[in-house]
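Take a look at the structure below.
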Amino acid sequence: MVFCECTNIRRLWDNHLDAMSEDFRRTCDNSSRIEQMVLRDISYHLTSMGKDIRHYGLPEVHLTEEERSRDHYRELTEEQNHGFDEDHLKIVETLNAEQMAGYEEILDHVLKNKGQVFFVDGPGGTGKTYLYKTLIAKVQSMDLIVVAIATSGIAASIMPGGRTTHSRFKIPIKLSGNTMCSFTK
Ligand SMILES: Nc1ncnc2c1ncn2[C@@H]1O[C@H](COP(=O)(O)OP(=O)(O)OP(=O)(O)O)[C@@H](O)[C@H]1O
């Protein structure tokens, strides 16, 4: 629906509604409520890719105002709800001198609200992710938002709450001169 130019989405809907309803049928036996559940699920995924289900000619999805505004601030809500691992806070006690220097420098900028780009470099296995983990936990423990992103899925998956850059910032696959990302400020 998002990346291909489907000519008949309504037919896709008609053909696959039954299969898409399968999980929802376990908890509900009212067909119109099940249909709404499927639509909400599709809407959820479309919103995460910067799209609006109302533009696809599917049956109307009944979202409350609260749900609509929640979806609008969804990235924010997601990042706020990650929670952090208490054990990761303790990592700071085990950092080596170089990791600690990076930790203190980066955290100092966070605490003083000073914008800065840091580039943490080192051969594989020297503790970069280890450092990120404790930094992420520390900043989240202060009720601040951390957007943990990486260019590859594997790198993203080893960071707490990590997402690929393309997914988090909704970077379009096809880029042109006026392409824009879509991320809630
Ligand atoms: N200061 C430390 N004390 C104890 N263990 C550490 C320390 N720093 C790193 N490690 C451990 O070393 C291993 C490699 O660290 P990590 O995965 O953070 O490296 P990396 O630099 O991110 O590697 P890569 O570049 O391959 O992703 C991990 O098991 C980690 O727990």
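Throughout, residue positions are numbered sequentially from 1 according to the sequence presented. Quantities reported herein were computed from a predicted structural model and do not represent experimental measurements.
Here K138 contributes atom NZ and L111 contributes atom CG; the two are 7.5 Å apart, rounded to the nearest 0.5 Å. Atom CD in Q116 sits 10.5 Å away from atom CG in D108 (nearest 0.5 Å). Between I91 atom CD1 and Y103 atom OH the span is 10.0 Å, to the nearest 0.5 Å. Atom CG of L131 sits about 11.0 Å away from atom CD of E98, to the nearest 0.5 Å. Taking OH from Y56 and CG from L39, the interatomic distance works out to 14.0 Å, rounded to the nearest 0.5 Å. For the atom pair OG1 (T165) and CZ (R163), the distance works out to 11.0 Å, reported to the nearest 0.5 Å.
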Quick one: do I149 and H166 satisfy side chain to side chain contact (heavy atoms under 4.5 Å, CB included)? Show the steps, please. CA-CA 9 Å; I149 48 164; H166 272 80; over 6 Å; no
Show your reasoning for whether side chain to side chain contact (heavy atoms under 4.5 Å, CB included) applies to E35 and F24. CA-CA 9 Å; E35 185 179 293; F24 300 111; over 6 Å; no
Carefully, step by step, assess S152 and T164 under the rule side chain to side chain contact (heavy atoms under 4.5 Å, CB included). CA-CA 6 Å; S152 79; T164 63; over 6 Å; no
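Listed for the R40 side chain is a donor-acceptor partner under 3.5 Å among the backbone atoms of H62. Between the side chain of T134 and the backbone N or O of H88 there is at least one donor-acceptor pair closer than 3.5 Å. The main-chain N or O of G57 is found under 3.5 Å from a side-chain atom of R10 such that the two form a donor-acceptor pair. Side-chain atoms of S157 come within 3.5 Å of backbone N or O of I154 as a donor-acceptor pair. Between the side chain of S43 and the backbone N or O of I53, no donor-acceptor pair lies under 3.5 Å.
N8 CG: more than 12 foreign heavy atoms inside a 6.0 Å radius. Environment of CG in N113: sparse, with no more than 12 heavy atoms of neighbouring residues, nucleotides or ligands closer than 6.0 Å. For N30, the CG atom is densely surrounded, since the number of other residues' heavy atoms within 6.0 Å is greater than 12.
Hydrophobic cluster membership differs between M142 and F84, with clusters built from Ile, Leu, Val, Met, Phe, Trp and Tyr side chains linked at under 4.5 angstrom. Following chains of ILVMFWY side-chain contacts shorter than 4.5 Å, one cannot reach F118 starting from I145, and the two form parts of different hydrophobic clusters. A chain of hydrophobic side-chain contacts below 4.5 Å, direct or via other Ile, Leu, Val, Met, Phe, Trp or Tyr residues, connects Y132 to L95. No continuous path of hydrophobic side-chain contacts links L12 to L46 [ILVMFWY only; heavy atoms under 4.5 Å].
Residue Q36 comes nearest to E60 through the heavy atom pair NE2-O, 3.0 Å, listed as atom of the first residue, atom of the second, then distance. Closest non-hydrogen pair, Q99 versus T126, comes out as NE2-O, 3.7 Å. Across K133 and I158, no two heavy atoms sit closer than the pair CE-O, 3.8 Å. Scanning both residues, C28 and M37, for their nearest heavy atoms gives CB-CE, 3.9 Å. Nearest approach of V92 to M100, heavy atoms of both residues: O-CE, 3.4 Å. When all heavy atoms of A150 and A155 are compared, the pair lying nearest together is CB-CB, 3.6 Å.
Checked against side-chain contact (heavy atoms from CB on, under 4.5 Å), V146 has the following partners two or more places apart in sequence or in another chain: I136, V139, Q140. Evaluation of the salt bridge (Lys or Arg N to Asp or Glu O under 4.0 Å) rule for K128 yields no partner, not counting sequence neighbours. Under the side-chain contact (heavy atoms from CB on, under 4.5 Å) criterion, S21 pairs with L17, R25, I34, V38, not counting sequence neighbours.
Between S141 and L89 there is a side-chain heavy-atom pair separated by less than 4.5 Å. Using a 4.5 Å heavy-atom threshold, the side chains of M20 and I42 count as touching.
A salt bridge is absent between D14 and R11; no separation between the charged side-chain nitrogens and carboxylate oxygens falls under 4.0 Å.
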